[in-house]
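Everything on this sheet refers to the single structure shown next.
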Amino acid sequence: MAARTLTAIVGGYAAAAASVSLVARIAPIDRAEATIWAMTLSFLVYAGLLLWAFHETRLARVAGVIWGVALGSIGCLWILGPVL
């Protein structure tokens, strides 16, 4: 239960923050507007990941998806580089 809780809270936050940051970076709209939309979307993504993490019966699937999304999004953001 501790691993599931840690994955849900910490991993869910990392996955939500990284994925919506990636969406804001690649969105074809103004940077400020993309940031506002991403911040709004992040609450929904985080809540959805938390609920799903405790609903899914297999911890391996939860950890794989949540940490995979987090690391994949962070990797894509790293490849894109800093915003100029």
Side-chain angles (χ1 to χ4, degrees):
M1 191 64 174
R4 184 177 299 268
T5 303
L6 180 72
T7 297
I9 293 173
V10 177
Y13 181 81
S19 63
V20 298
S21 295
L22 182 60
V23 168
R25 285 287 304 274
I26 63 175
I29 56 178
D30 184 47
R31 192 180 312 172
E33 189 174 342
T35 302
I36 291 170
W37 277 107
M39 287 172 53
T40 304
L41 183 63
S42 69
F43 293 109
L44 296 173
V45 171
Y46 185 52
L49 286 173
L50 281 175
L51 290 172
W52 175 74
F54 288 106
H55 175 74
E56 176 63 42
T57 55
R58 294 179 20 199
L59 176 61
R61 180 180 291 168
V62 170
V65 169
I66 289 180
W67 290 111
V69 168
L71 293 174
S73 297
I74 290 170
C76 289
L77 286 168
W78 183 75
I79 290 170
L80 288 174
V83 178
L84 300 176

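Excluded from the calculations below are hydrogen atoms, water molecules and symmetry mates; all remaining heavy atoms, backbone and side chain alike, are included.
Across every non-hydrogen atom of T57 and R4, the tightest pair is O-NH2, 3.2 Å.
In this structure, M39 shares a hydrophobic cluster with no other residue, the cluster being traced through Ile, Leu, Val, Met, Phe, Trp and Tyr side chains under 4.5 angstrom apart.
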Distance-only criterion, 3.5 Å: show the donor-acceptor pairs between side-chain atoms of residues 45-54 and protein atoms not counting sequence neighbours.
from, atom 1, to, atom 2, distance (Å)
Y46, OH, I9, O, 3.2

Pair up each side-chain donor or acceptor in residues 68-80 with any protein partner under 3.5 Å, not counting sequence neighbours, and list the distances.
from, atom 1, to, atom 2, distance (Å)
S73, OG, V69, O, 2.9

Considering only distance and modelled atom types, tabulate donor-acceptor pairs under 3.5 Å from the side chains of residues 17-29, sequence neighbours left out.
from, atom 1, to, atom 2, distance (Å)
S19, OG, A15, O, 2.7
S19, OG, A16, O, 3.2
S21, OG, A17, O, 2.7
R25, NH1, G81, O, 2.8
R25, NH2, G81, O, 3.1

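Applying the salt bridge (charged side-chain N to carboxylate O under 4.0 Å, His left out) test to every pair with at least one member in residues 71-84, sequence neighbours left out, gives no pairs at all. Applying the side chain to side chain donor-acceptor pair (under 3.5 Å) test to every pair with at least one member in residues 30-45, sequence neighbours left out, gives no pairs at all.
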